[in-house]
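Structure, as structure tokens:
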Amino acid sequence: QDEKVALFIIFGGSGDLARRKLYPSLFRLYQKGYLQKHFAVIGTARRPWSNDYYQQIVFDSLASLNPDAEQAKEFASHFYYQSHDVTNTEHYVVLRELAQKLDTQYQLAGNRIFYMAMSPRFFGTIAGHLKSEDVLDDRGFNRLVIEKPFGHDFASAQVLNEDIRASFAENQIYRIDHYLGKEMVQNISAIRFGNNIIESLWNNRYIDNIQITLSEALGVEERGGYYENSGALRDMVQNHISQIATLLAMEPPVSFDAADIRSEKIKVLRSLHIGTPEEARQDFVRGQYGAATVAGEALDNYRDAAQVAPESKTETFVAGKMTFENYRWAGVPFYIRTGKRLAKKATRVDVVFKQLPMNIFQSVNKQDNLAENVLTIYIEPTEGFTLQLNAKRVGQGFATRPAALTFRHSSEAATNTPEAYERLLLDILNGDSTNFTHWDELAQTWRFADVIEKVWASEPAPDFPNYLSGSMGPACADELLARDGRHWVYDP
Ligand code: BG6
């Protein structure tokens, strides 16, 4: 492989994200030869760790990959720990000196990747100090990687953005939405722009509605502190769901490079309907999970989770209707839903095509019903897609039945599927910003989410908890579609 050369400085090097995602992903890049001799990682956090201790943490984080011990040790030897208080200017001087030393030792050509994997309230402070204390290196590239949440609403996101932009240019900033690193999310573009029979039908003349489901079986687990102030709309809709909807809705880009894709995403988001408060009330519903026994296991209420208020009004479920007001999509609802503690972990898109003008088979068989044509894109845990068509039922007489054309990745391909973070880290090393969120996209999706948040904050839900753990959410989510004469395709 063509070797990448860079110094990573990870803020939040002792944290959960670093251990669960970043170190294993960097290791996979190392195993594949993208990282070889010329890379080093500085992990920073407040606690006083030694390099040895940190390297052991990195080594341990690779356990699930069953690595060769020698190779894992060699990899971990590239990691250095620096105890760091993000508000202390002096500490950035120490960081700069360590960075320079490692740059010389590993011949890193001044290439630096600054990864913010910690509490967002420090993002602006860190970015400011990196510049003022000259931790940026003019000889190579300087790239800033930012984890979510990027703000709490439009206003706070804008302040954060201005803080960061004071030190980094837009093209140096990589805002992570890890859904954009998923194999099948990237495959949306291949399915659309690589198939005439799909792209020719990809508009309001042939598509009746599109359904995006991001269903999770897990509850809030240990993240009550964060989630209480976020809720499902900010946690999943403003970012992941909006990004998926954008990829489904955008016009074909002029080419498949980052700038062309970005401009189409921004353009289609300009047509995203920002509702009135009245529309938000009508088109978006929320829920919070309640206790239930599922497969013999007693699951608690959201309100019983650690760091969650006993009367919490935070939503753990959202369903709603997004619309894009443009030529291609006028009149086609994008129904979205996401929630915790639902029946299954399933991330999928169902594209429901319009019915034929009539069913001619009813002339010979009154009972015959033509099922809807549906294209389902399975994102996780299954990866693949299915096109649901109608065919003749075998036998005498004439009746139709649905028949599915199904594609699944082979299990071998599935194990080789790079984890989202691995793919995104390689993109960052390559300077490819295609699968990252641009500020203009974020600004628009915050404007969209803000209207709903505002209504919900001023009118707390009276009926929480309103769905049972292990169900597919509250009844109002089904009513939302029933009102339009439709139903959720995915109903496990
Ligand atoms: C994160 C959310 O962005 O995405 C979590 O903060 C959620 O609440 C997670 O569980 C889901 O990601 P994935 O990749 O497991 O579908």
Side-chain angles (χ1 to χ4, degrees), residues 12 15-22 24-25 28 64 115-120 123 145-152 157 174-188 212-247 286-289 299 302 305-308 312 314-318 336-349 377-383 414 417-425 435-437 441-442 445-446 449 453 469 473 490 492:
D16 189 55
L17 178 81
R19 295 192 215 192
R20 277 193 313 112
K21 302 285 187 187
L22 303 184
S25 300
R28 302 219 344 173
S64 65
Y115 202 116
M116 308 245 190
M118 59 181 307
S119 171
F123 292 169
V145 187
I146 302 216
E147 279 290 334
K148 61 170 261 206
F150 198 97
H152 190 71
Y174 294 75
R175 298 180 195 81
I176 296 253
D177 183 317
H178 77 283
Y179 269 67
L180 295 178
K182 291 184 192 272
E183 178 68 29
M184 287 305 295
V185 170
Q186 298 192 356
N187 215 338
I188 290 173
I212 303 172
T213 300
L214 269 56
S215 137
E216 296 191 86
L218 289 179
V220 68
E221 313 301 306
E222 309 305 319
R223 295 168 71 231
Y226 151 77
Y227 200 83
E228 267 290 86
N229 294 312
S230 161
L233 189 78
R234 290 192 182 95
D235 190 46
M236 300 291 274
V237 179
Q238 179 273 331
N239 42 29
H240 309 318
I241 289 188
S242 300
Q243 283 292 330
I244 293 175
T246 303
L247 293 174
R286 55 195 150 154
Q288 186 189 76
Y289 65 77
L299 300 174
Y302 170 70
Q307 293 177 282
V308 170
S312 172
T314 299
E315 82 284 357
T316 62
F317 177 97
V318 179
I336 57 119
R337 85 187 142 157
T338 183
K340 299 219 178 266
R341 278 281 180 76
L342 299 181
K344 278 203 171 122
K345 169 77 183 174
T347 307
R348 56 186 272 163
V349 175
I377 304 173
Y378 298 95
I379 295 171
E380 253 175 15
T382 308
E383 295 191 357
T417 300
E419 236 257 307
Y421 272 94
E422 180 189 339
R423 198 192 316 263
L424 295 175
L425 282 166
N435 296 309
F436 297 84
T437 312
E441 298 165 33
L442 258 176
T445 53
W446 270 126
E453 288 291 357
S469 289
Y490 178 57

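Note that ligands are numbered from 1 as they come in the structure, with each ligand's atoms numbered from 1 the same way.
Under the side chain to side chain donor-acceptor pair (under 3.5 Å) criterion, Q288 pairs with R303, sequence neighbours left out.
Between the side chain of E228 and the backbone N or O of Y226 there is no donor-acceptor pair closer than 3.5 Å. The backbone N or O of V237 lies less than 3.5 Å from a partner atom in the side chain of S242, making a donor-acceptor pair.
Salt bridge status for E380 with K182: present, with a side-chain N to carboxylate O gap under 4.0 Å.
Protein residues are said to neighbour a ligand when one of their heavy atoms lies under 4.0 Å from it; for ligand 1 these are K148, H178, Y179, K182, E216, R223, D235, M236, H240, K340, K345, E380.
Note: Y302 and Y227 have perpendicular aromatic rings, judged against thresholds of 30 and 60 degrees for the angle between ring planes.
Residue-environment remark: NZ (K344) stays at or below the threshold of 12 foreign heavy atoms within 6.0 Å.
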